[in-house]
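See structure below.
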Amino acid sequence: MLLGLLPGIEVVGAAADGEEAVRLVAELAPDVVLMDLRMPRCDGVEATRRIRAGHPGTEVVVLTTYADDDSLFPALRAGARGYLTKDAGAEEIARAIADVRSGEAGLSPQVQRRLLESLSGQPRDPRPTEPQRPPEPQRSSAPPVLPDGLTAREAEVLALIAEGFSNAEIAAELFVSPSTVKTHINNLFAKTAVRDRAQAVAYAYRHGISRSS
């Protein structure tokens, strides 16, 4: 009922479990599937894997009660491009659907923070903290050695992606146009062989790329 009220979204089918979801995707070819995880017969992770393997034109956004690692990471590995918890409002759901349709990742802020904490090996802290920049005089004058031929600007864009910035926010932060940001993102995706923002976040933390590094 909620989805049907959102502008620009047409609900073409509803499935009771993962088996039916896979069958309806083959029949209806939707742009996006909003997928639960805990279901009878075929759970959401397996259904996502089968949908992405057989119908790569259909994106999957997980909408679930569970945001633990045992739910989050298997769903992303299965091919989900978005992950929301069921306390997400209509605006957040609509934004995630639009993001995955445009090729971006649709992760809720809570899920993105949990993903970053897991990748960086940091303990969970429910209190939001502001990113800290070291004072300018303490920065090393030697340019950092960047992996895969990344330029300093591409690394800066990647660091902002890892902090959860949207393209528009990156453009405002760096005082460049959105089209310039898209060019940097396309270049760094090609150099690092990542497919989406979720993989870009993992790459940034794996290589220690941040604005404070």
Side-chain angles (χ1 to χ4, degrees), residues 1-16 21 24-25 28-39 44-45 47-48 51-52 57-69 71-73 75-76 78-119 124-131 157-174 176-179 181-182 185 189 195-202 204:
M1 292 176 61
L2 174 62
L3 288 175
L5 296 174
L6 298 178
I9 295 179
E10 178 186 1
V11 179
V12 297
L24 286 179
V25 167
L28 301 173
D31 295 320
V32 179
V33 171
L34 203 59
M35 180 72 73
D36 200 355
L37 288 183
R38 308 292 170 87
M39 295 182 292
V45 171
T48 296
I51 288 170
R52 294 294 297 147
T58 296
E59 302 292 353
V60 176
V61 174
V62 170
L63 181 63
T64 181
T65 305
Y66 310 96
D68 56 282
D69 291 357
S71 300
L72 172 60
F73 290 104
L76 295 179
R81 294 288 291 274
Y83 198 107
L84 305 173
T85 53
K86 286 187 176 178
D87 57 356
E91 182 179 347
E92 191 173 354
I93 294 173
R95 183 168 59 249
I97 292 173
D99 285 344
V100 300
R101 289 187 66 190
S102 65
E104 299 185 4
L107 303 175
S108 72
Q110 299 92 333
V111 168
Q112 190 170 56
R113 184 165 58 248
R114 184 71 196 103
L115 179 61
L116 299 186
E117 289 168 351
S118 297
L119 292 172
R124 297 190 66 175
D125 186 350
R127 298 169 300 174
T129 57
E130 293 296 325
V157 170
L158 179 58
L160 291 170
I161 291 174
E163 290 184 25
F165 281 57
S166 67
N167 286 10
E169 290 168 338
I170 294 173
E173 180 77 8
L174 300 181
V176 297
S177 69
S179 61
V181 172
K182 288 183 179 179
I185 291 176
F189 273 31
R195 294 180 303 168
D196 53 41
R197 291 175 102 89
Q199 290 189 356
V201 169

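Start at 1 with the first residue, then count along the sequence.
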(message) Using the side-chain contact (heavy atoms from CB on, under 4.5 Å) definition, which of the options N167, L174, L160, I161 pairs with V181?
(response) N167

(message) Quick check: closest heavy atoms across A204 and L158, and the distance to 0.1 Å?
(response) CB-CG, 3.9 Å

(request) Look up atom CD in E59 and atom CD1 in I97, then write down how far apart they are to the nearest 0.5 Å. (result) 12.0 Å

(request) Kindly give the heavy-atom pair with the smallest separation between V45 and A78, and that separation in Å. (result) O-CB, 3.6 Å

(message) Under a 3.5 Å distance rule, please check whether R52 uses its side chain to pair with a backbone N or O of A80 as donor and acceptor.
(response) no

(request) Look up atom CZ in R81 and atom OG1 in T48, then write down how far apart they are to the nearest 0.5 Å. (result) 13.0 Å

(request) With rounding to the nearest 0.5 Å, note down the distance linking CD1 in I170 to CD in E173. (result) 9.0 Å

(message) Return the CG to CE distance between L63 and M35, rounded to the nearest 0.5 Å.
(response) 11.5 Å

(request) Mind listing the closest non-hydrogen atom pair of A15 and A21 along with its distance? (result) CB-N, 3.4 Å

(message) When you compare the side chain of F165 with that of V157, does any pair of heavy atoms fall below 4.5 Å?
(response) no

(message) Test side chain to side chain contact (heavy atoms under 4.5 Å, CB included) on I185 and R197; report intermediate values, then the result.
(response) CA-CA 9 Å; I185 291 176; R197 291 175 102 89; 3.9 Å; yes

(message) Show the nearest heavy-atom pair for residues A96 and L84, with the distance to one decimal.
(response) CB-CD1, 3.8 Å

(message) Could you measure the distance from the CG atom of L28 to the OG1 atom of T58? Nearest 0.5 Å is fine.
(response) 9.5 Å

